[in-house]
Amino acid sequence: MGEAIVREFLIEGARVIAIDIRADRLDLLKRELGKKLFVCVCDLASSDDIAALRGFTDSIGVVDTLVNNAGVFDYLESALTMPLANWDRVFKVNATAHFELAQLFLPDMIALGRGVIIGVASAAGVVGGGGGVAYTASKHAAVGLGRQLAAEFGPRGIRSNVILPGVIDTPLRDTVSLEMQAALNDFVANSLPARRVGQAREVAKAALFLASDDASFIHGVALPVDGGFTAI
């Protein structure tokens with residue numbers, strides 16, 4: 001989804017900074033997409049890495065739009081068996097890093113008198129049972145963060161909203177067990193109103209809309225892009 005978001009923003013003429021934990025993935029993207037894309041290796045589980053981003057972005061320009069897309073899954077781990085270390089890592093990437101990045105770039109936006117923060121959470125951020133205990137709780141936290149930022153910084157010209165993707169066709173689907181994949185495929189085919197998985201570009205288009213002036217009166221929304229998952 002992050003790659004799709006990068007592509008859509010570049011098509012619209014934005015200069016984009018893409019961060020990822022994997023240098024090889026960023027290098028491929030940079031070679032393909034050209035000079036308006038800037039890339040930086042960063043582990044969002046590391047507060048030191050996040051703080052170091054400031055020096056990198058300052059060399060490029062003022063950040064007026066932040067898309068917090070990074071996330072990790074907990075593979076449906078139960079509250080009875082979830083190790084605290086796993087809980088901490090999931091929360092660190094899915095919620096705390098979103099907060100740290102917002103805190104890092106809010107001063108720029110406040111100085112500009114405008115800005116956009118978009119959190120990419122999950123449909124599991126507004127219902128129970130969409131993931132394991134840490135994933136579900138962390139995505140709820142990401143939704144709460146987005147709404148709080150809207151309430152606090154909307155009066156200063158900064159819009160904050162959250163996207164709630166459902167079942168999206170990304171490499172993450174291939175990392176779960178075959179049994180889990182089969183159950184997911186059955187759910188999509190027989191229960192999801194859309195009767196199909198979503199595409200990363202559909203999430204990217206939602207992010208592009210929320211970043212645009214067409215969404216100028218939208219603050220604090222949690223927008224499902226989920227094929228109807230949260231409607232059933």
Side-chain angles (χ1 to χ4, degrees), residues 1-20 25-26 28-30 32-39 44 63-73 93-94 97-98 101-102 105 109 114-127 130-131 139 142-143 145-147 149-150 154 158-174 184 187-189 192-232:
M1 290 189 295
E3 179 180 331
I5 290 167
V6 166
R7 291 178 184 277
E8 291 299 323
F9 274 71
L10 285 171
I11 288 169
E12 291 299 315
R15 291 200 303 165
V16 177
I17 300 169
I19 66 173
D20 197 290
R25 202 153 45 189
L26 289 173
L28 285 172
L29 207 58
K30 174 67 175 174
E32 178 189 351
L33 298 178
K35 63 183 181 180
K36 279 199 169 185
L37 175 64
F38 303 86
V39 298
L44 292 180
V63 173
D64 61 6
T65 302
L66 170 64
V67 181
N68 277 321
N69 173 74
V72 292
F73 195 44
V93 177
N94 290 359
H98 290 203
L101 286 163
F105 296 117
M109 298 180 188
R114 59 179 172 80
V116 175
I117 298 174
I118 300 167
V120 180
S122 168
V126 292
V127 298
K139 294 300 186 178
V143 172
L145 171 66
R147 287 175 167 158
L149 293 176
I158 298 161
R159 292 189 297 105
S160 172
N161 294 287
V162 184
I163 298 171
L164 308 177
V167 184
I168 307 297
D169 186 15
T170 73
L172 179 63
R173 294 179 69 217
D174 299 329
L184 189 60
F187 168 77
V188 168
L192 193 68
R195 293 299 195 267
R196 67 174 178 86
V197 300
Q199 298 301 309
R201 188 167 181 263
E202 293 174 300
V203 177
K205 287 290 190 181
L208 192 64
F209 166 68
L210 289 174
S212 75
D213 290 341
D214 290 337
S216 57
F217 200 53
I218 299 177
H219 291 253
V221 162
L223 173 66
V225 184
D226 66 357
F229 177 84
T230 51
I232 57 176

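Excluded from the calculations below are hydrogen atoms, water molecules and symmetry mates; all remaining heavy atoms, backbone and side chain alike, are included. The residues of the chain are indexed from 1 along the displayed sequence.
- To the nearest 0.5 angstrom, Asn68 atom CG is 11.0 Å from Asn94 atom CG.
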Which pairs would a plain distance check flag for residues 120-127, meaning a side-chain donor or acceptor within less than 3.5 Å of a matching protein atom at least two apart in sequence or in another chain?
{"residue": "Ser122", "atom": "OG", "partner": "Ala124", "partner atom": "N", "Å": "2.9"}
{"residue": "Ser122", "atom": "OG", "partner": "Tyr135", "partner atom": "OH", "Å": "3.4"}

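- Val162 has its side chain out of reach of Arg147: every pair of non-hydrogen atoms, C-beta onward, lies at least 4.5 Å apart.
- Just one residue in the list Ile158, Thr65, Asp64 forms a side-chain contact (heavy atoms from CB on, under 4.5 Å) with Arg114, and that residue is Asp64.
- Between Gly146 and Ser160, the shortest heavy-atom contact is O-OG, 2.8 Å.
- By the 4.5 Å heavy-atom criterion applied to side chains, Leu44 and Ile19 are counted as neighbours.
- Between Ile163 and Val67, the closest side-chain pair of non-hydrogen atoms is not below 4.5 Å.
- One distance of note links CG of Asp20 with CG of Leu29; it measures 9.0 Å at 0.5 Å rounding.
- Expressed to the nearest 0.5 Å, how far CG of Leu66 lies from CD1 of Ile17 amounts to 10.0 Å.
- Shortest non-hydrogen contact noted between Ala97 and Val93 is CB-O, 3.7 Å.
- Distance alone, capped at 3.5 Å, is enough to place a donor-acceptor pair between the Arg159 side chain and the Ala215 backbone.
- Shown here for Ala18 and Leu26, the closest heavy-atom pair between the two residues is O-CD2, 3.8 Å.
- Applying the side-chain contact (heavy atoms from CB on, under 4.5 Å) criterion to Arg201, with sequence neighbours excluded, gives Glu8, Lys205.
- Lys36 NZ to Phe9 CZ: the interatomic distance, rounded to the nearest 0.5 Å, is 13.5 Å.
- By the side-chain contact (heavy atoms from CB on, under 4.5 Å) test, Leu145 pairs with His98, Phe99, Leu149, sequence neighbours left out.
- Contact between Ile118 and Ala207 at its shortest, heavy atoms only, is CD1-O, 3.3 Å.
- With rounding to the nearest 0.5 Å, the separation of CZ in Phe209 from CD1 in Ile218 is 3.5 Å.
- With rounding to the nearest 0.5 Å, the separation of CD in Glu12 from CG in Leu208 is 5.0 Å.
- Contact annotation: the side chain of Leu37 approaches that of Val16 to within less than 4.5 Å [non-hydrogen atoms, C-beta and beyond].
- Residues Leu164 and Asp226 have side chains not in contact (no heavy-atom distance under 4.5 Å, counting atoms from C-beta outward).
- A distance-only check finds no donor-acceptor pair linking the side chain of Asp169 to the backbone of Gly198 [under 3.5 Å].
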